[in-house]
Amino acid sequence: MTKLSFTTPIKLPFSYFLNQDVIFLAKDLLGKVLFTQIDGKITAGIIVETEAYFGVHDKASHAYGGRRTDRTETLYSQGGISYVYLCYGIHHLFNIVSSVEGEPHAVLIRGIEPLIGKDIMEERRKMSASKGAISAGPGSAAKALGIDRSFNKKDLGGDEIWVEDHGIRYDEEQIAASPRVGVAYAQDHALLPWRFFIKENKYVSKPNKI
DNA sequence: AAACGGATTGGCT
DNA sequence: GCCAATCCGTTTC
């Protein structure tokens with residue numbers, strides 16, 4: 001299923017997030033390991049579901065048409081920082097801002113497979129890590145990792161939140177691409193296949209199962 | 001100043 | 001499957 005090679009885990013360098021091809025990045029982030037450290041508690045999960053948001057050109061993006069507000073300002077930062085916002089008044093959704101300064105591209109993290117600190121995640125989510133629901137879906141994944149609004153605009157190269165490459169690679173046939181979830185309002189952009197996920201992985205959200 | 005509605009989730013029917 | 005929860009950024013009056 002998941003292929004592991006025994007390379008030393010490497011924190012992704014700042015330059016990784018400067019890539020201007022956010023569609024490539026959304027797919028390439030699958031298998032990377034997302035870490036948080038909060039009050040000394042370290043949790044991490046393998047990224048198994050993402051969505052690409054193509055900046056000013058994307059009707060589903062908060063920055064569509066170049067819109068700049070207090071909230072979206074974060075998206076215009078240089079790649080390598082986090083964009084966290086509150087959705088439906090309840091859920092914190094975590095994105096990785098990418099590309100160069102002024103290009104508001106971002107990758108929404110929609111699902112992680114618990115890897116490190118599972119007991120801490122179980123406490124946060126009040127359910128067993130063996131249940132897919134513990135970290136499937138963007139709100140659940142963020143909560144399992146302890147991500148809230150205070151993580152907005154944080155540097156992904158710091159010691160509070162970062163991404164590592166553990167050498168986890170998926171074959172092309174293990175990866176599915178489908179329309180993004182919950183963006184019906186985006187009209188002709190609603191059906192773009194910019195959601196990427198690992199097939200058969202239980203930590204992938206249910207909507208649109210492909 | 002007030003109203004609207006969302007990149008969702010989980011509990012109840 | 002349906003629907004309420006619950007907040008605040010954004011739009012509109």
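Just so it is clear: chains get the letters A, B, ... in the order the sequence lines come, proteins before strands, and each one is counted from 1.
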Using a cutoff of under 3.5 Å, can you pull out all pairs of nitrogen or oxygen atoms linking the protein to nucleotides 3-5 of chain C, with atom names and distances?
none

All N/O pairs under 3.5 Å across the protein-nucleotides 8-11 of chain C interface:
residue : atom : partner  : partner atom : Å
dG9(C)  : O3'  : Arg71(A) : NE           : 3.4
dT10(C) : OP1  : Thr69(A) : OG1          : 2.1
dT10(C) : OP2  : Thr69(A) : OG1          : 2.9
dT10(C) : O3'  : Arg67(A) : NH2          : 2.7
dT11(C) : OP1  : Arg67(A) : NH2          : 2.4

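- Atom CD of Glu73(A) is surrounded by more than 12 heavy atoms from other residues, nucleotides or ligands within 6.0 Å.
- In this structure the side chain of Phe197(A) never reaches within 4.5 angstrom of the side chain of Ile47(A), judged on heavy atoms.
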Polar-atom pairs under 3.5 Å, protein N or O versus N or O of nucleotides 1-4 of chain B: list them with distances, or write none.
none

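- For Arg67(A), there are no salt bridge (charged side-chain N to carboxylate O under 4.0 Å, His left out) partners, not counting sequence neighbours.
- Nearest heavy atoms, Ser77(A) versus Lys153(A): OG-CE, 4.0 Å.
- Taking atom C1' on both nucleotides, dC3(C) is separated from dG5(B) by 16 Å, rounded to a whole Å.
- The distance from atom CE of Met127(A) to atom P of dT9(B) is 11 Å, rounded to the nearest whole Å.
- In terms of heavy-atom proximity, Val204(A) sits nearest to Ile198(A) at CG2-O, 3.6 Å.
- In plain terms, the two heavy atoms of Met121(A) and Ala144(A) that are nearest each other are CG-O, 3.3 Å.
- Legend: residues meeting ring pair (Phe, Tyr, Trp, His ring centres under 6.0 Å) with Tyr53(A), ordered by chain and number and at least two apart, are absent.
- Judged by centroid separation below 5.5 Å and plane tilt below 30°, Tyr185(A) does not stack onto the base of dG6(B).
- Of all heavy-atom pairs spanning Val163(A) and Leu34(A), the tightest one is CG2-CD1, 4.0 Å.
- Counting all heavy atoms, side chain and backbone alike, Ala52(A) lies closest to Asp58(A) at O-OD2, 4.1 Å.
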Symbol by symbol from the 5' end, with Watson-Crick or G-U pairs under 3.5 Å, [ ] crossing and | another strand, DNA chain C is |||||.||||||.
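- Tyr83(A) OH to Ser98(A) OG: the interatomic distance, rounded to the nearest 0.5 Å, is 13.5 Å.
- Between Arg125(A) and dT9(B) there is no side-chain N or O to OP1 or OP2 distance below 4.0 Å.
- Using bins of under 30°, 30° to 60° and over 60° for the plane-to-plane angle, the ring pair Tyr64(A)/His189(A) lands in the perpendicular bin.
- Outside the 6.0 Å centre-distance limit, the rings of Tyr85(A) and His92(A) are not counted as a close aromatic pair.
- When ring centroids are compared, His57(A) and Phe54(A) come within the 6.0 Å threshold.
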